[in-house]
Enquirer: 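Shown below is the structure under consideration.
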Amino acid sequence: MLAWYDVHARDLPWRAPPGAPFADPYRVWLSEIMLQQTNVATVRPKFEHFTARWPDFASLAAADEAELMTAWAGLGYYARARNLVACARTVVERHGGAFPGNEDELRALPGIGAYTAAAIASIAFGERAVVVDGNVERVVSRLFAIDEPLPGARAAIRAATDSITPETRAGDFAQAMMDLGSSICTPRNPKCLVCPLSDRCAAFAHGQPDAYPVKPARTARPERFGTIFWAERDGKVLLVRRPPRGLLGGMRALPTGPWSESPPGLADPPLTAGWRMLDTSVVHVFTHFRLQLSLAVARVREHSNAGEWWPVGDIESAGLPTVFAKAAAEVRRAT
DNA sequence: AAAGCGTGGAG
DNA sequence: TCTCCAAGCTT
């Protein structure tokens, strides 16, 4: 794997520059957080923006949280952004502005779990750590033909990964496994004919590489309904800040009523006005439910401090999560 | 410990 | 259009 990696490693902005033994821990950490459940192509421009704006722990720890949440908008899983600031502040306040170099102390920091701690310890600090992400899970379950379904198979997968992790260059080994998983040992139609591991792969020998890992059946995604309230006054629209935890927590948003099993109509508007329902709607799919949003609009005269009034023509810069950006675009299209 | 938590792209 | 998926963590 290391020989393969030396030839085929992807060129990514958070990896060590040529000649350097290890990458910058700050950049490794930031990239790892952004990459959680998120594609490289999506992360790349966000990573460039973040590192230009906040190049190190000190600047991120001092960051204005509202600006940081705005910068994260569109990436999803917003708890990552909240934990990013919390982690930077902990590093500055309790670790003298630099990461601890070992897995256990990394694991204790906000937003850093088993995978990310192992990745940082090995990639940025040269420690031997057993790094298991979704790619490694797939590669290893095929290599050893582990046929127990997930998530029960995780212990066996971790043990198998441990057995093949080298004492030195564990970080390069992990990145090699992840590159292999993303380019060759893919979920569907794996390219076994060009895989450096095929001659040792049990699943390939059995002729069924894409049968691994075995996954549990998916449950249906429920449907919910809601209403977006678009209050406009002097070319500005009313925006609110969502509560700090939970779905889209801490993000700037359009006001909504309850999200329920059936369309809630004009329940719970942000202010009293002559609300009018548009005859279009917006559908947005979250991880665990599908949301159909009705759109209510009103012209407002009097001032209200129910939130902040944002220039409609500049709505793209408000840092709205995608569901609200879609709703805003639909309101502007339909009115 | 199962459920909650986003989004965009590929097939 | 629909399903699956992407460098998981927290409670």
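Being a predicted model, the structure only gives us computed values, none of them experimental. Residue numbers begin at 1 in each chain, while the letters A, B, ... track the order of the sequences.
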Enquirer: How would you label the contact of Arg242(A) with the nucleic acid (heavy atoms, under 4.0 Å): base, sugar-phosphate, or nothing?
Expert: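 Nothing, no nucleic acid heavy atom in range.
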Enquirer: For Arg290(A) and dC2(C), give me the distance from atom CZ to atom P, rounded to whole Å.
Expert: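 Those two atoms, CZ and P, are 7 Å apart.
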Enquirer: For Trp259(A) and dC5(B), what is the distance between atoms CH2 and P respectively, to the nearest whole Å?
Expert: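 In whole Å, dC5(B) P lies 10 Å from Trp259(A) CH2.
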Enquirer: For the residue pair Trp230(A) / Glu232(A), report whether a side-chain donor-acceptor contact shorter than 3.5 Å exists.
Expert: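 Indeed, the side chains of Glu232(A) and Trp230(A) share at least one donor-acceptor pair under 3.5 Å.
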Enquirer: What is the distance from CZ of Arg138(A) to P of dG8(C), rounded to the nearest Å?
Expert: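 To the nearest whole Å, that distance equals 10 Å.
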Enquirer: Could you state the CD1-C1' distance from Ile33(A) to dA6(C), rounded to the nearest angstrom?
Expert: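 Answer to the nearest Å: 15 Å.
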Enquirer: In whole Å, what is the span from the NZ atom of Lys215(A) to the P atom of dG8(C)?
Expert: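 To the nearest whole Å, that distance equals 10 Å.
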Enquirer: Under 6.0 Å between the ring centres of Tyr212(A) and Phe144(A)?
Expert: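 They do not qualify: ring centres at least 6.0 Å apart.
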Enquirer: Check the distance between dG8(C)'s C1' and Leu106(A)'s CG and give it to me in whole angstrom.
Expert: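 Answer to the nearest Å: 16 Å.
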Enquirer: Please work out if Ala114(A) contacts a base, only the sugar-phosphate, or nothing of the nucleic acid, heavy-atom cut-off 4.0 Å.
Expert: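 Here Ala114(A) touches the backbone only, sparing every base.
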Enquirer: Between Arg82(A) and Arg245(A) (side chain of the first, backbone of the second, donor and acceptor by atom type, cut-off under 3.5 Å), is there such a pair?
Expert: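 Absent.
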Enquirer: Would you list the pairs meeting side-chain hydrogen bond (donor to acceptor under 3.5 Å, both in side chains) in which at least one residue belongs to residues 319-335 of chain A, sequence neighbours left out?
Expert: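 Non-adjacent pairs meeting side-chain hydrogen bond (donor to acceptor under 3.5 Å, both in side chains): Thr280(A)-Glu330(A), His284(A)-Lys326(A), Glu330(A)-Arg333(A).
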Enquirer: Just checking Leu12(A): base, sugar-phosphate only, or nothing, at a heavy-atom cut-off of under 4.0 Å?
Expert: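 Answer is base: heavy atoms of Leu12(A) come under 4.0 Å of a base.
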Enquirer: I'd like the C1' distance from dC9(C) over to dA1(B), given in whole Å.
Expert: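 Approximately 14 Å lies between the C1' atom of dA1(B) and that of dC9(C).
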Enquirer: Base, sugar-phosphate alone, or nothing: which one does Arg10(A) contact when heavy atoms must sit under 4.0 Å apart?
Expert: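 Base, at least one base atom sits under 4.0 Å.
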Enquirer: Where each residue is assigned the nucleotide of DNA chain C containing its nearest heavy atom, which of Leu35(A) and Pro110(A) is assigned the position nearer the 5′ end?
Expert: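 Looking at the nearest nucleotide for each, Leu35(A) comes out on the 5' side.
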Enquirer: Students often get this wrong, so: under 4.0 angstrom with heavy atoms, is Trp72(A) touching a base, only sugar-phosphate, or nothing?
Expert: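 Touches nothing.
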Enquirer: Would you kindly say whether Gln36(A) and Arg80(A) are connected by a side-chain donor-acceptor distance under 3.5 Å?
Expert: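 There is no such pair between these side chains.
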Enquirer: With rounding to the closest Å, how many angstrom separate the P atoms on dA6(C) and dG4(B)?
Expert: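 Between the two P atoms, the distance is 22 Å.
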Enquirer: Strictly under 4.0 angstrom, non-hydrogen atoms only: write out the protein contact profile of nucleotides 6-11 of chain B, one letter per nucleotide from the 5' end, B, S or -.
Expert: BBB---
Enquirer: Can you work out whether Asn83(A) or Glu32(A) has the more 5'-proximal nearest nucleotide on DNA chain C?
Expert: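 Looking at the nearest nucleotide for each, Glu32(A) comes out on the 5' side.
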Enquirer: Would you mind classifying the nucleic acid contact of Ser31(A) as base, sugar-phosphate or nothing, using non-hydrogen atoms under 4.0 angstrom?
Expert: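 Nothing: the residue Ser31(A), judged by heavy atoms under 4.0 Å, touches no strand.
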Enquirer: Return yes if a side-chain donor-acceptor contact under 3.5 Å exists between Asp162(A) and Thr165(A), otherwise no.
Expert: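 No.
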Enquirer: Evaluate the side-chain proximity of Phe286(A) to Leu291(A): yes if any heavy-atom separation is below 4.5 Å, no if none is.
Expert: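 The answer is yes; the side chains approach within 4.5 Å.
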